Amino acid sequence: RTRTVVLMHKSTMIGSSLYACALRRLSAQLSATAMPWLSPSSLPVLRPPTSNQPPSRAFSYGSSSSSPSSWSSSGLTSPPPSSFPFHSTPPLIMGATCCPSRPYSASSASDEEHDSYGSTAKEPSSPLSSILLDEIKIRGPMTVAQFMRHALTHPTHGYYMRKDVFGQQGDFTTAPEVSQMFGEMIGLWCVDAWKKIGSPREFQLIEMGPGRGTLMMDMLRAAHLQSDFIQAVQVHFLEASPALRRLQMQTVGCVRKASDAPMDLPSEPMRGMHSIPFHWHTHISSIPDSMPVIAVGQEFLDALPVHQFRYTDRGWREVLVDIDSDPSTPNSFRFVLSTSSTPASAALIRDSVARKCVVGDAIELSADAMSLSSSLAARIRKHMGAALFVDYGDDKVYSNSLQAIKEHKFCDPLQEPGLVDLSVMVDFSSVRYAARQTFDPQSEPIDWYGSVTQRDFLQTLGIDARLTTLLREASTKQVPELITAYRRLVDPDTGMGRMYKVCAFGRTKQSRDLEGFLA
C-alpha cells in the first residue's frame with residue numbers, strides 16, 4: 001500500500017501551503033458529524049464505496065457517429081425560451097475560435113430548408129413527444145434550444161424532473177459521486193477564494209445544478225476546517241427539479257428523509273449541516289444581489305440549451321426541430337433549416353463571421369450559458385467573488401456536439417424526449433467572452449483562469465496528499481476502491497483527467513491569485 005502511494009505522490013504536485021496544512025488535518029476533522037441527529041462516531045472518514053458506477057458521459061465523445069459526450073448536473077436555470085440576453089451587446093462569435101469543419105451526421109439537419117409544418121401519424125415515443133408534436137403543429141418548428149429545454153426541464157415530463165438520474169440506477173455518474181476527494185478539493189478552493197476576497201463576514205456560496213447534493217456536502221465538510229467560513233456562508237442552490245431538491249435537502253441535513261422534504265420551493269431558508277442556512281432557486285435572478293459570491297458549477301454548463309446554425313448561400317440559417325412524417329424513419333422529429341434569419345442568429349452571430357465561412361459550415365452556441373456567465377460576472381464586479389466551472393469541452397466553438405444517453409448507452413437526441421439525457425460540449429471561449437463584457441468602462445475588471453485539465457487542477461490543489469491520508473485510515477477492501485476512484489478522477493486516458501476542463505473568473509483583493517491554475 002505504501003509503495004503504491006509513494007509512487008503516485010512523487011509524480012504529482014502537492015499544492016500551496018494552505019492546502020498542504022489543511023489536508024494534514026483533514027481526516028481527523030472530517031470524522032465530525034455533518035448531520036445533527038448522528039453521533040460523531042457514526043460518520044466514517046470514508047464515504048461508503050461507490051464502485052460499479054456507470055460511465056461518465058464524456059468518455060466516449062466522438063467515438064462513433066451516435067456517441068455523445070459526458071452528462072451534466074441537474075437543475076437548469078435558464079431564462080424563458082423567447083429571451084435572448086445579448087440583443088444589444090456586441091456579437092459574440094469570433095472567427096478564430098470557430099470550428100466549423102465537423103459535418104452534420106446522417107440524422108442532422110436536412111439541406112432542404114423548412115417550408116411546411118408537416119404532420120405525423122406515428123405513435124409518440126414518449127409522453128412529452130405528444131406535447132411537442134402539438135406545439136409544433138400550432139407554432140411551427142422549434143429551436144434546438146427550445147427542444148432541449150422541454151426535454152430536460154418540462155415541469156411534468158422533463159428528464160431531470162422525474163427522478164434521480166445519477167449513479168448506478170441512473171444513466172451516468174459525475175465526479176462528486178466517484179469520490180469524496182473531488183468535493184473536498186473544491187471545498188478547500190472555496191475557502192481559499194473566500195480568504196482572497198477579504199474573508200467577508202457574510203457571503204453567498206452558489207451551486208448550479210447540485211445533483212444529489214453530494215458535492216456541497218463534501219465541500220462543506222472540508223470547509224468546516226475554517227470556522228469563520230462556516231459562520232459566514234449562505235448556501236444557494238439553483239435547481240429546477242423538485243425530485244432532486246428533496247434529495248439535496250436530505251443530503252445536506254435539512255431533513256432526515258427525502259420524503260419529508262417539501263415538493264415546492266421553500267419560501268424561507270432551511271438549516272442543515274453545521275447550522276448553515278440553505279436556499280433553493282430556479283433562476284439566478286431570484287438570488288439577492290447583495291453580497292460577495294462564490295459560485296460553483298460542476299457538469300452544469302453542458303446541460304444548458306444550445307442554438308445550432310448552418311451557413312448557406314443565403315447566409316446563416318438556424319437548425320430547427322420539426323415533425324418527421326416519413327413512415328420509413330423511426331423518429332417523430334427531424335432537424336430542418338429555417339427559411340430566414342431568426343432572433344437567435346441575429347443576436348449571436350456577427351457579420352464578420354460570414355466572411356470566414358463557406359457553405360455547409362456549422363456552429364453551436366448557448367445563449368443561456370453566456371447569460372449566466374454575464375450575470376455572475378456582474379455580481380462579482382459589484383461585490384467581489386469568484387466562479388468556478390468544471391465540465392467537458394474546450395476553448396472553442398463547436399459545430400454540432402448535441403448528444404443523448406439512456407440506460408448507459410448513447411442514442412439519437414430526437415429519439416424519446418424526456419426519457420433520454422441531452423448534453424453538449426462546453427464552449428469555454430464564449431463563457432469567457434460573456435464574463436468579460438461590460439457596458440460600464442469604469443467597472444472593475446474580471447480575471448479569467450484556465451481552462452486547465454481536471455487532472456492538473458486537482459493535483460495542484462493537493463488531491464494526492466488527501467489520497468495518502470485516506471489510505472492510512474482505509475481497510476484492506478477500501479484501498480483498491482480509493483485508488484480506482486482517484487485514477488478515475490485524474491487519469492488522462494481512461495478517466496476524467498484530460499477530457500474534463502476547469503475554468504474560473506473572479507475579482508479578488510489581489511489580481512490573478514486564485515489557486516489551482518498553473519502559471
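All values derive from a computational prediction rather than experimental measurement.
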Is any side-chain heavy atom of [X] closer than 4.5 Å to a side-chain heavy atom of [Y]?
| X | Y | value |
| --- | --- | --- |
| Thr453 | Val502 | no |
| Leu205 | Met216 | yes |
| Leu238 | Glu207 | no |
| Cys503 | Arg432 | no |
| Met161 | Thr156 | no |
| Phe457 | Leu388 | yes |
| Leu365 | Val306 | no |
| Gln308 | Leu402 | yes |

Tell me the closest heavy-atom pair linking [X] and [Y], and the distance in Å.
| X | Y | answer |
| --- | --- | --- |
| Leu489 | Ala175 | CD2-CB, 3.7 Å |
| Val359 | Asp313 | CG2-N, 3.8 Å |
| Pro124 | Leu133 | CG-CD1, 4.4 Å |
| Gly183 | Leu215 | CA-CD1, 3.5 Å |
| Asp368 | Pro305 | OD2-CD, 3.3 Å |
| Arg317 | Ser341 | NH1-N, 3.8 Å |

- Relative to the ring of Trp316, is the ring of Phe309 parallel (under 30°), tilted (30 to 60°) or perpendicular (over 60°)? perpendicular
- Task: Go through the steps to decide whether Gln454 and Met496 satisfy the test side-chain contact (heavy atoms from CB on, under 4.5 Å), and finish with yes or no.
- Result: CA-CA 7 Å; Gln454 179 171 295; Met496 302 175 177; 3.5 Å; yes
Would the distance check show the side chain of [X] and the main-chain N or O of [Y] forming a donor-acceptor pair, the cut-off being under 3.5 Å?
| X | Y | value |
| --- | --- | --- |
| Ser371 | Ala367 | no |
| Ser375 | Leu372 | no |
| Ser399 | Ile363 | no |
| Arg498 | Gly495 | no |
| Arg246 | Ser259 | yes |
| Ser345 | Thr342 | yes |
| Gln248 | Gly213 | no |
| Asp391 | Leu301 | yes |
| Ser126 | Gly418 | no |
| Ser286 | His281 | no |

Between [atom1] of [X] and [atom2] of [Y], what distance do you get to the nearest 0.5 Å?
| X | Y | atom1 | atom2 | answer |
| --- | --- | --- | --- | --- |
| Ser374 | Gln437 | OG | CD | 8.5 Å |
| Ile294 | Gln204 | CD1 | CD | 10.5 Å |
| Glu268 | His279 | CD | NE2 | 9.0 Å |
| His307 | Thr143 | NE2 | OG1 | 5.0 Å |
| Asn400 | Arg310 | CG | CZ | 9.0 Å |
| Leu244 | Leu247 | CG | CG | 6.0 Å |

- Chi angles and distances behind the side-chain hydrogen bond (donor to acceptor under 3.5 Å, both in side chains) call for Ser338, Glu318: CA-CA 5 Å; Ser338 64; Glu318 186 163 5; 6.0 Å; no
- Message: Would Ser429 and Asp427 count as a side-chain hydrogen bond (donor to acceptor under 3.5 Å, both in side chains) here? Give the steps.
- Response: CA-CA 5 Å; Ser429 66; Asp427 165 21; 2.4 Å; yes
Is it the case that the side chains of [Y] and [X] hold a donor-acceptor pair, with the cut-off being a distance below 3.5 Å and no angle test?
| X | Y | value |
| --- | --- | --- |
| Glu364 | Ser401 | yes |
| Asn331 | Thr329 | no |
| Asp324 | Ser332 | no |

- Message: Could you go through Met499 and Met425, starting from their C-alpha distance and side-chain angles, then the distance that decides it, and tell me whether this counts as side-chain contact (heavy atoms from CB on, under 4.5 Å)?
- Response: CA-CA 10 Å; Met499 177 70 77; Met425 300 291 284; 3.9 Å; yes
- Query: Got more than 12 heavy atoms from elsewhere within 6.0 Å of CG, Asp493?
  - Reply: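 Yes, the 6.0 Å shell around CG holds more than 12 heavy atoms from other groups.
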- Message: Working note: Trp448 + Val431, criterion side-chain contact (heavy atoms from CB on, under 4.5 Å); need CA distance, chi angles, decisive distance, verdict.
- Response: CA-CA 10 Å; Trp448 179 268; Val431 175; 4.0 Å; yes
- Task: Could you tell me which residues satisfy ring pair (Phe, Tyr, Trp, His ring centres under 6.0 Å) with His157, sequence neighbours excluded, listed by chain and number?
- Result: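 Once residues adjacent in sequence are excluded, the partners of His157 under the ring pair (Phe, Tyr, Trp, His ring centres under 6.0 Å) criterion are His154.
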- Query: Got a sec, which residues hit side-chain contact (heavy atoms from CB on, under 4.5 Å) with Arg271, two or more places apart in sequence or on another chain?
  - Reply: Pro277
- Which residues satisfy the side-chain contact (heavy atoms from CB on, under 4.5 Å) test with Met142, sequence neighbours excluded?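 Counting only residues at least two positions away or on another chain, Met142 forms a side-chain contact (heavy atoms from CB on, under 4.5 Å) with Leu132, Glu135, Ile136, Gln146, Phe147, His150, Val321.
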- Trace of the side-chain contact (heavy atoms from CB on, under 4.5 Å) decision for Phe182 with Gln298: CA-CA 11 Å; Phe182 181 86; Gln298 195 273 332; 3.6 Å; yes
- Query: Are any of the side-chain nitrogens in Asp326 or Arg334 under 4.0 Å away from the carboxylate oxygens of its partner?
  - Reply: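 Salt bridge between Asp326 and Arg334, a charged N being under 4.0 Å from a carboxylate O: no.
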